[in-house]
Asks: 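Structure provided below as structure tokens; questions to follow.
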Amino acid sequence: MSTPLISPREADVLALLGDHLSNAEIAAQLFISVRTVESHVSSLLRKLELPDRRALARSTAAPAAARSASADSAHQPSPAPVQPAPVQPAPALPAPLTAFVGRARERAELAEALRAHRQVTAVGPGGVGKTRLALAVAGELAAGFADGVRFVDLVPVTDPQRVGAAVAAAVGAGEQPGRGVDDAVVAALADREALLVLDNCEHVRDGVAPFVERLLTACPRVRVLATSRARLMVPFERVLAVPPLSRVGGGDSDAVALFTARAAAVGRAPDRERLGEVAALCERLDGMALAIELAAARWPTLGLDGLTAGLDDQLRILAGGPRADGRHRSVRAVLDWSHDLLEPRDRALLRRVSAFVVPFTAQAAAEVAGFAPLDPAEVADGLGRLAEQSLLAVTHDAAGTRYQALETIRQYGAERLDGAGESAEVRSRHLAWCLAGATALTGRHHPDQPDHPDHRDHPGHPGHLGHPGHPDRPAGPVRRARFDTLAEDLRAALAWAADRPEQRVPARRLALALAALAFDANLLGESQQRFEQAAALAGPTEDTSDVTTITATGDATCDAAAALREAAGVAGCRRRGEDMFRLHRAAAEAALQAGDTTGAARDLAAAATVAYRFSSTFARIPGTPEVNSLLAQARELAGPADPAARAAVALAEAAVVADAYGAVQGDADNTAHETVGYAERAVELARLTGDPVAESAALDALSGARSWAGEPFGAAAAASRRIDVLAGAPRTPAGTHELVDALAMAAGNALGVGQLAQARRWSGQLAEHPLLAEAGHHATSWLLVTEAFAGRADAVLPGGATFLDAWERGGRPRSFVLGPAAAAVAMVHGLRGDHDARAAWLAVADRAGPVLDHRHGHGAVFDAVVLLHHGDAQAALDRLAPEPDQVWKWVCWVWLHWYVALRAEASVLAGHPDARGRIAAARAVVDGNPVASAQLDRAQALLDGDPAALPAVAAAFDAAGCPYQAARTLLLAGDEHRPAGRSALAVLGLAPPPAR
């Protein structure tokens, strides 16, 4: 059994699986996302051919035991081999199939340049050997970089704007909501000491240059080694020209050594006495590595005489091209010569497979290249013959055999394809193959698109926008792995088709499929881009009656407006308010052009709603007159018979007119009860549409309105209802955005009324949601607050580390939920008596959330808890001095019950003259909140001098899921209860208050 080849990161994941850690725990330890862990687990299952993660965990124990036995019993007989075989980590660099030969001087120069400069570009013509040289030097220097080497092959990248995405895939960085993928890469490498190898930059220099400049500016310990046919023209660049292989020394030269090594690999090496002739041949090939390797591949069948004769003829043919660089002529000479030696069918195959940009299977090649004069059944044999002549590289893995042409040969094949007049036919077939594969991955088929015959082996990954239960739809990890290997071909096919009017329909289909697949892979920026591209391909007047979108809601007319609405949903997931606003307006315009006035009304109303509902995600909030104008247009266009348009307008009125969501631009003193009426009407109309996303959005307005109206239980009920409504919703981008928002709002509202168990459940679901896999600060915020109120330091402290790392890598954003999370961690440090750590976290809270929220809202609550814990009741009372109606704006939602209950208790402990009145006033507010009610019962018992009542209060706290307050109550009960209270605090990881 061969030893599987895995990366260092996969080895790390495998080791932690052996310790029986969950994906979330592995992600926290390795500082990567849960989604990245899932991808590594999937890869390990495939490579090791194991059925599940339990088998993976077992596979790590056997090698360890064998090593231990070997160390302890060196003279004992060797034990029988244990299956599966031990896994050996592999470097994060491609493993060439042949040994590197020569170039001692160039290796030393390139290595020295990289030690002295942060960005080095190895330049030279195609085929000179830049990639192999870069790999050799990167391998030599890898040990000197604490965070290793990452290799990025840019050959498959056809769009300069996707350079950052290619690098992100190599470094394991994912796009975060509110930030682009380039930002994610910079953040991931900001404090890393790593070498980044960017191979084959020339065709995407417009994308590489600005990316590298930004990366090196923001990441001081990162170095970049690039290979390109031309320099990148960036400020940090040191250019090193890669010369042809040296011919100095004749038969002992590097060029001859390469020829000899490659000839031996395919048969036998030339005899020593003939090395002079080999040297002459290499001289005529200008020492170009690719030309020498191709010639060596023909050595066993042609010999030196045949090689020399063939090249003589080709060089005479090429003599009329003085403008071409001599080195390029030598490579083209060998390519022309190698091509002409092929049978006509193999020539056709070589040029046709140039359509593939990533490794492909024989089945895929048969579909794309298998037409006259080629029989599809002959393609596999032809691929083998091309591989024997070194015109194709072959790789074998658990997924099967794949073929790939070196970039120089692929470009040559593309030129031959154009010259043969077959480009349109081959690329159309490649487009159809890509579309069929993408469609199979989404689990849906177009009525005029035949099933993909190779969908089981087809490399790609479906998005969850298809039907999850479709029988042809592979399982999640398999889908992702397949998509990763297919994606660049999809992008290349789409780039070719998008500019050709005759290919508009399949191009639009492919754009929609790629948008869905990218969304499922958390490539949100690309998903939005592809939906917008599909909209542009639809055209305002085109008949699209035979085209279907790929969505979970079933077949629907695929027009520009529909694609733009999907794009707006993705923009919501990205926390891009401006894009949501722009895309809904664009969808309205497209709908009007198509004669869909009610659809336009829905989009105009949606744009107006977005401006208020998601105002915190805008860099520049639209002006009130502009939004009011959109709402007026929506009212005018909405037909009375269209329930969806009426519901959308009603929701916009609740948002804009009544400010149900409490927008940034809204009235700070909004407590109007009529807001509830607006929101209730929106809910009623949305329910009639049968659209769970619309109903959830309306319930969100109702939850906000009830909060403004001082009805926290009503707000919590509406927020909870959203989770139920969305349970059966399609997992479209808009539905996903709605669910993430619903989980956050439900968790916050549950906290506000003391429903800690529900808050923990929903905040836990939020933390595990794949959309937030790369945004640990947003994912864990509500969970940190919930666990902090419960006093569970063992959960808060590691969660805080994850939060802080993600927040810093995310650019230290400010949000109404990030501030409370940081303040919650500060509170737990305060309860532990670690005041330095608390001060550090309070500084984070000041930067992570709105300042006034921290000063008057959650900050006052968390500070008061710490102060009361340490017996400083007067300071706690001072922190809570304002009457609740004076700080209404900052406590009306989550913090009101906590604020009034803590204020009443602090009044009792500080001896405030109106302590009894404050308890009574607070009871009227918190009635029904089990935690706040228990806190007031405790305050009442302390005020009445009735410590005997406190054990029952402690039990009430326990029942409410608040063990910290239960432990503190036992301490306050005194006497025989104090040891139990101290013990309970120790279990939670908290320190007892100082003795008084």
Asks: What's the shortest heavy-atom distance between A492 and T158, and which atoms?
Replies: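 The pair with the smallest heavy-atom distance is CB-CG2, 3.9 Å.
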Asks: Does the side chain of Q503 pick up a donor-acceptor pair with the side chain of S428 at under 3.5 Å?
Replies: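 Yes, S428 and Q503 have a side-chain donor paired with an acceptor closer than 3.5 Å.
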Asks: Is R416 reaching over with its side chain to a backbone N or O of R351, donor-acceptor style, under 3.5 angstrom?
Replies: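 No: the side chain of R416 does not pair with the backbone of R351.
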Asks: Please report the closest heavy-atom contact between A226 and C201, naming both atoms and the distance.
Replies: CB-SG, 3.9 Å
Asks: Stepwise, does the side-chain contact (heavy atoms from CB on, under 4.5 Å) test hold for V693 with L739?
Replies: CA-CA 9 Å; V693 174; L739 177 59; over 6 Å; no
Asks: So L523 and F483, side-chain contact (heavy atoms from CB on, under 4.5 Å) or not? Walk me through it.
Replies: CA-CA 12 Å; L523 302 175; F483 173 64; 4.0 Å; yes
Asks: Would you check if the distance from the ring center of F356 to the ring center of W433 is below 6.0 Å?
Replies: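 Centroid distance F356-W433: below 6.0 Å, so yes.
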Asks: Are side-chain heavy atoms of T732 and F519 found at a separation under 4.5 Å?
Replies: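 T732 does not reach F519 side chain to side chain.
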Asks: Could you walk me through whether Q404 and T395 pass the side chain to side chain donor-acceptor pair (under 3.5 Å) test, one step at a time?
Replies: CA-CA 8 Å; Q404 184 178 29; T395 59; over 6 Å; no
Asks: On a heavy-atom basis, which atom in R410 and which in S354 lie closest, and how many Å separate them?
Replies: NH1-O, 3.2 Å
Asks: Under a 4.5 Å cut-off applied to non-hydrogen side-chain atoms, are V394 and L383 in contact?
Replies: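 The answer is no, as the side chains (C-beta and beyond) never meet within the 4.5 Å cut-off.
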Asks: Between H203 (side chain only) and L154 (backbone N and O only), is there a donor and an acceptor less than 3.5 Å apart?
Replies: yes
Asks: Decide, yes or no, whether a salt bridge links R530 with E526 under the criterion of side-chain N to carboxylate O below 4.0 Å.
Replies: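 Salt bridge flag = yes for E526 with R530.
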Asks: Out of curiosity, D520 CG to T442 OG1, how far, rounded to the nearest 0.5 Å?
Replies: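 Those atoms lie 10.5 Å apart.
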Asks: Check A561 against A590 and note the closest heavy-atom contact, atom names and distance.
Replies: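 In this case the closest contact between A561 and A590 is N-CB, 3.8 Å.
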Asks: Would the number of heavy atoms belonging to other residues, nucleotides or ligands and lying under 6.0 Å from CD of E425 be above 12?
Replies: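 Yes, the 6.0 Å shell around CD holds more than 12 heavy atoms from other groups.
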Asks: Taking all non-hydrogen atoms of both residues, which atom of H584 and which atom of A568 are closest, and how far apart?
Replies: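 Of all heavy-atom pairs spanning H584 and A568, the closest is NE2-CB, 3.6 Å.
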Asks: Kindly confirm or rule out a cation-pi arrangement of R352 over F371, judged by NZ or CZ under 6.0 Å from the six-membered ring centre and within 45° of its axis?
Replies: yes
Asks: More than 12 foreign heavy atoms under 6.0 Å from CD of E422: is that the case here?
Replies: yes
Asks: Looking at T401, is its backbone amide N or carbonyl O close enough to the side chain of H396 to form a donor-acceptor pair, meaning the two atoms are under 3.5 Å apart?
Replies: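 Pair absent, no side-chain N/O of H396 close to backbone of T401.
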Asks: Nearest 0.5 Å, please: how far is CZ in R132 from OG1 in T227?
Replies: 13.0 Å
Asks: Could you state the interatomic distance from CG (D340) to CZ (R347), rounded to the nearest 0.5 Å?
Replies: 5.5 Å
Asks: Could you pull out the closest heavy-atom pair between L494 and L537, with the gap in Å?
Replies: CD1-CD1, 4.5 Å
Asks: Got F211 and V185 here, is their nearest side-chain heavy-atom distance under 4.5 Å?
Replies: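 Side-chain contact under 4.5 Å: yes.
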Asks: Are side-chain heavy atoms of V152 and V197 found at a separation under 4.5 Å?
Replies: no
Asks: Are the side chains of L196 and L198 in contact, using a 4.5 Å heavy-atom criterion?
Replies: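 Touching, per the 4.5 Å side-chain cut-off.
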Asks: What pairs with R576 under salt bridge (charged side-chain N to carboxylate O under 4.0 Å, His left out), at least two apart in sequence or on another chain?
Replies: none
Asks: Quick one: pull up CG in L486 and CG in L490 and give me the separation to the nearest 0.5 Å.
Replies: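 The CG atom of L486 sits 4.0 Å away from the CG atom of L490.
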Asks: Is the side chain of N200 donor-acceptor paired with the backbone N or O of S228 at a distance under 3.5 Å, no angle test?
Replies: no
Asks: For T361 and Y403, what are the C-alpha separation, side-chain angles and deciding distance, and is it a side-chain contact (heavy atoms from CB on, under 4.5 Å)?
Replies: CA-CA 6 Å; T361 64; Y403 301 85; over 6 Å; no
Asks: How long is the straight-line distance from CG of L431 back to CG of D489, given to the nearest 0.5 Å?
Replies: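 Going from the CG atom of D489 to the CG atom of L431 covers 11.0 Å.
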Asks: Got V155 and D199 here, is their nearest side-chain heavy-atom distance under 4.5 Å?
Replies: no
Asks: When you compare the side chain of R345 with that of L350, does any pair of heavy atoms fall below 4.5 Å?
Replies: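 A side-chain contact is absent here, since even the closest heavy-atom pair is not under 4.5 Å.
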Asks: Would you check if the side chain of S527 reaches a backbone N or O of A515 as a donor-acceptor pair within less than 3.5 Å?
Replies: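 Yes.
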Asks: With a 4.5 Å heavy-atom cut-off, do R491 and D159 have their side chains touching?
Replies: no
Asks: Any salt bridge between D559 and R565, counting N to O under 4.0 Å?
Replies: no
Asks: Less than 3.5 Å apart, any donor N or O on the side chain of E532 or Q528 sitting next to an acceptor on the other?
Replies: yes
Asks: Evaluate the criterion side-chain contact (heavy atoms from CB on, under 4.5 Å) for residue pair V353 and F360; output intermediate values, then yes/no.
Replies: CA-CA 9 Å; V353 297; F360 54 89; 3.7 Å; yes
Asks: Quick check for you: to the nearest 0.5 Å, what is the distance between T736 atom OG1 and R731 atom CZ?
Replies: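 Interatomic distance, T736 OG1 to R731 CZ, rounded to 0.5 Å: 8.0 Å.
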Asks: Taking A600's backbone N and O only, do any of them form a donor-acceptor pair with D603's side chain (distance below 3.5 Å, no angle check)?
Replies: no
Asks: Would you call R585-E589 a salt bridge at under 4.0 Å N-O?
Replies: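 No, this pair does not count.
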